[in-house]
Amino acid sequence: MKFRFISPTLHGVADYSAGLGLITVPFLLGLGNTNPASLWISIITGIAVLVVSLLTDYKLGAFRTIPFQGHLAIDLVVAIAFMIIPFALRFSGIEANYYLFNAAVVFTVVSLSENDY
């Protein structure tokens, strides 16, 4: 059994879903009430995820200028940033949990994605 079973195409579906989620879910959760940065970091990251996805060299990429390996490296940087942000900006409650949850999801997707594309 292959440990890395998320294909680049499936990863792309996750990317576009995540980008839209990072833009919309903070409003549904009421992020930003305690610290406005928690709302805006998510929105800006969501837009960046969509742009990087459009630029990635995989089936769902439109311009295909970023190699998939580079895309995975960017995802890893985002996951690390999402682990640091709640502590650095002193988020608490749902704002902190939101970023920590997203970090865990991104780490999981990166670790399960095929990287020999």
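These values consider heavy atoms only, across backbone and side chains, with no hydrogens, waters or symmetry-generated copies. The chain is numbered in sequence order, starting from 1.
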K.L.:
Output the rest of the hydrophobic cluster of I44: all Ile, Leu, Val, Met, Phe, Trp and Tyr residues reachable through side-chain heavy-atom contacts under 4.5 Å, sorted by chain and number.
P.N.:
none
K.L.:
Nearest 0.5 angstrom please: S113 OG to F5 CZ, how far?
P.N.:
9.0 Å
K.L.:
Verify side chain to side chain contact (heavy atoms under 4.5 Å, CB included) between I41 and L89, making sure each step is shown before the conclusion.
P.N.:
CA-CA 11 Å; I41 291 169; L89 299 180; 3.5 Å; yes
K.L.:
Please tell me if the side chains of N97 and F91 come closer than 4.5 Å, counting only heavy atoms from C-beta onward.
P.N.:
no
K.L.:
How far apart are the closest heavy atoms of A79 and V106, and which atoms are they?
P.N.:
CB-CG1, 3.7 Å
K.L.:
Main chain of L112, side chain of R4: is a donor-acceptor contact present, judged purely on distance under 3.5 Å?
P.N.:
no
K.L.:
Does OH in Y16 sit with more than 12 non-hydrogen atoms of other residues, nucleotides or ligands closer than 6.0 Å?
P.N.:
yes
K.L.:
Using every non-hydrogen atom in the two residues, find where Y98 and P26 come nearest and quote the distance to one decimal.
P.N.:
OH-CG, 3.5 Å
K.L.:
Within the side chain of R64, is there an N or O that forms a donor-acceptor pair under 3.5 Å with the backbone of Y58?
P.N.:
yes
K.L.:
Taking all atoms of both residues into account, what is the closest heavy-atom pair of T9 and K59, and its distance?
P.N.:
OG1-CB, 3.5 Å
K.L.:
With rounding to the nearest 0.5 Å, note down the distance linking CG in L60 to CG in L10.
P.N.:
9.5 Å
K.L.:
Would a 4.5 Å heavy-atom cut-off, applied to side chains only, mark I66 and D57 as touching?
P.N.:
no
K.L.:
Counting distance only, does the side-chain N/O of E95 pair as donor-acceptor with the main-chain N or O of P86 below 3.5 Å?
P.N.:
no
K.L.:
List the atom pairs, with distances to 0.1 Å, where a side-chain N or O of residues 70-77 and a protein N or O form a donor-acceptor pair under 3.5 Å, not counting sequence neighbours.
P.N.:
from	atom 1	to	atom 2	distance (Å)
H71	ND1	T56	OG1	2.6
H71	NE2	H11	NE2	3.3
H71	NE2	D15	OD1	3.4
H71	NE2	D15	OD2	2.8
H71	NE2	D75	OD2	3.3
D75	OD2	H11	NE2	2.9

K.L.:
Say whether V105 and L28 are linked into one hydrophobic cluster, either directly or through other cluster members, by side-chain heavy-atom distances under 4.5 angstrom.
P.N.:
no
K.L.:
Group every Ile, Leu, Val, Met, Phe, Trp and Tyr by side-chain heavy-atom contacts under 4.5 Å, then state whether V51 and W40 land in the same group.
P.N.:
yes
K.L.:
Any heavy-atom pair between the side chains of P8 and E114 that's under 4.5 Å?
P.N.:
yes
K.L.:
Are the side chain of N35 and the backbone N or O of G32 linked by a donor-acceptor pair below 3.5 Å?
P.N.:
no
K.L.:
Looking at side-chain heavy atoms only, is the closest gap between V13 and S17 below 4.5 Å?
P.N.:
yes
K.L.:
To the nearest 0.5 angstrom, please state how far the CG atom of L22 sits from the CZ atom of F82.
P.N.:
5.0 Å
K.L.:
Say whether, by atom type as modelled, one donor and one acceptor occur between the side chain of Y99 and the main chain of S38 under 3.5 angstrom.
P.N.:
yes
K.L.:
Do L100 and L31 belong to the same hydrophobic cluster, where Ile, Leu, Val, Met, Phe, Trp and Tyr are linked whenever their side-chain heavy atoms lie under 4.5 Å apart, directly or via other members?
P.N.:
no
K.L.:
Check the hydrophobic clustering (I, L, V, M, F, W, Y; side-chain heavy atoms under 4.5 Å; chains of links allowed) and say if I85 and L29 are grouped together.
P.N.:
yes
K.L.:
Using atom types as modelled and distance alone, determine if a side-chain donor or acceptor of S42 lies under 3.5 Å from a backbone N or O of L39.
P.N.:
no
K.L.:
Is there a continuous path of hydrophobic side-chain contacts, each under 4.5 Å between heavy atoms, that joins V110 to F107?
P.N.:
no
